[in-house]
Amino acid sequence: MQLIIGSELSLDDGTSIILLAQDRAGYANLCQLISQGRLRHEKGKCSVSYREVCERAPGLIALWGGERSLLAARGVARARFDPIADELREAFGDALYALLARHKRAAEPLTEALLRERAGRFELPLVASHEVLYHIVNRRQLQDVLTCIRHKVTLSTAHTLIKPNAEHVLKSPRALTLLYADETAALARSAEIAARCHFSLAQIRYRYPSEKLPDGTTSIEWLRTLARRGAARRYGGGVPFDVQSQLDRELSIIEKLDYAGYFLTMWEVVEYCRAEGILCQGRGSAANSAVCYCLGITAIDPVRMGLLFERFLSMERAEPPDIDLDIEHERREEVIQHVYAKYGRSHAAMVANVIRYRPRSAVRDVGKALGLPATSLDRFAKLLSHWGKTDLGTMKAAGFDPEQQPLHAHLLELSEEILDFPRHLSIHPGGFLLGHEPVADLVPIENGTMKDRTVIQWDKDDVEAIGLFKVDLLGLGALTQLHMCFELLRKHSGVELSMSTIPSKDPRTFAMICNADTVGVFQIESRAQMAMLPRLRPQNFYDLVIEVSIVRPGPITGGMVHP
């Protein structure tokens, strides 16, 4: 099935227009338009001008019509309408269509007659359509409830915000043929438009931004130089043969996969942190990389520890590297703003996090839309958060009785239907998408609720599915504590310690670990970790690596380890 990507754009005069991407250039223009409209408003709002739509017309098809369009609006003077129509027709040419939309409403014949007159005057071809809001008729009420939730009203006060009939259902070809029996040419034109749209998300070609090197040095050459300098610093001048061999092997794979720019970005962020006195540390499988160790991204020598580089990066998987950089949480915002400043808002934006409906939020929002009292909803929602399910016993315990109150039964039914629906966009804890080209050519950008944050409209799973890779800058309270400890040691005993010079074989530390005396110790403070430590009794760092890996959810949910 062909996926046609488009958007209904809100215009600054309160009307709208539908734009469909024909090709890669059209998709980029559509993303840029949405970004323009979003970034000039607070989160949740968007509007663009007709002039901006026309400037971004190449590669797009415009469908002008429907109940929210200027083309079908009554009471619009020709002096206002004609210049806009001329501008759109000049910009889009034969890619501008007049959209017929029939939903069996009393006022539609008059609206359609007006649309036909204007379309005929400007020689716009008619295309038949209708607005689809649900796939089967019995989802209509769910659509109405979601509309009420969005507008923060109840079903009894929504009035014209919700549709007056169930004609917004996905129609069969036969139903559409009957609906447009007098307009077979307009109906056939919808297939013509589909044939003109040949953009696919598979056409997106993402290039990670390379460092700008004025002397003509390539990214991989600069990375080799930095790795060589870092190795000399880590090993005191004479780099051991096995370390050099490992570096050469890793750099060869990085070059073949064209990931040099990513490593240079992480090095630059770490260098900024070091210059500003901000404690940071690479987390996860990046510790298996000798290149990361020599660049100062991680503090563990993977060669001496016998760690496997292929767990981090390999030719066989050809997956983008994933370096999570932990930063002391009180100063993470400084680092985030540094990345924005270095790459520019056009080439850097944070990744979204899609917040989905869970039982508690579903009951609250649906109940408000149905007009149920807030006190009862709060009581029910608290029970749900404790039990995590919406069953009859839970409802009766909260004072809801579906057997006696049909509205309560309806609440339960609708709440269960919207479970796992997207509720709103939040910001990923620290994921950045950086682009060699403007990020808004790949995905729309909008303002975050938090000041000075711009966010793409995709989450981390979307980013990975399209083959993009992100930079993760995560806040970690444990690093703030460590930084305070280092400062206390330096101030009171003159001892200079860093992440890479903490003694790795201190017997008293491992004795405490074996006794599960690890409250507040990052990575091994959970109940599951503390239960495992006295059983495995780790005696060195690599024992800890294995122990943490076993207990983490990934291996267990993947079936690699039995709980």
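The basis for the numbers below is simple: all heavy atoms, side chains too, and nothing from hydrogens, waters or symmetry mates.
- Side chains of Tyr208 and Asp258: no donor on one and acceptor on the other come within 3.5 Å.
- Under the 6.0 Å cut-off for aromatic ring centres, Phe199 and Tyr27 qualify, their centroids lying closer than that.
- Using a 3.5 Å distance cut-off with no hydrogens or angles, the side chains of His410 and Gln141 do pair a donor with an acceptor.
- Atom OG of Ser361 sits about 9.5 Å away from atom CD1 of Ile149, to the nearest 0.5 Å.
- Judged by distance alone, the side chain of Glu52 and the main-chain N or O of Val48 form no donor-acceptor pair under 3.5 Å.
- Using modelled atom types, one finds a donor on one side chain and an acceptor on the other under 3.5 Å when comparing Glu192 with Tyr97.
- Remark: aromatic rings of His168 and His103 are close, center separation under 6.0 Å.
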Audit row: Arg139, Asp144, salt bridge (Lys or Arg N to Asp or Glu O under 4.0 Å) steps and yes/no: CA-CA 9 Å; Arg139 299 277 273 195; Asp144 291 346; over 6 Å; no
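- In Arg51, the CZ atom is not crowded: 12 or fewer heavy atoms of neighbouring residues, nucleotides or ligands sit closer than 6.0 Å.
- The distance between the ring centers of Tyr343 and Phe432 does not fall below 6.0 angstrom.
- When every heavy atom of Lys171 is checked against every heavy atom of Leu179, the shortest pair comes out as CE-CD2, 4.1 Å.
- Partners of Asp13 by side chain to side chain donor-acceptor pair (under 3.5 Å), not counting sequence neighbours, listed by chain and number: Thr15, Tyr50, Arg80.
- Here Arg283 pairs with Asp326 under the salt bridge (charged side-chain N to carboxylate O under 4.0 Å, His left out) rule; sequence neighbours left out.
- Within a 6.0 Å sphere centred on CD of Gln2, heavy atoms belonging to other residues, nucleotides or ligands number more than 12.
- Inspection of the Asp441 and Gln32 side chains reveals an N or O donor paired with an N or O acceptor under 3.5 Å.
- If you take CG on Leu414 and CG on Leu146, they are separated by 9.0 Å, rounding to the nearest 0.5 Å.
- Side-chain polar atoms of His198 and Gln203 form no donor-acceptor pair below 3.5 angstrom.
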Stepwise side-chain contact (heavy atoms from CB on, under 4.5 Å) check, Tyr206 with Glu437: CA-CA 8 Å; Tyr206 170 74; Glu437 299 168 353; over 6 Å; no
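- When the side chain to side chain donor-acceptor pair (under 3.5 Å) test is applied to Arg74, the partners found at least two apart in sequence or on another chain are Thr111.
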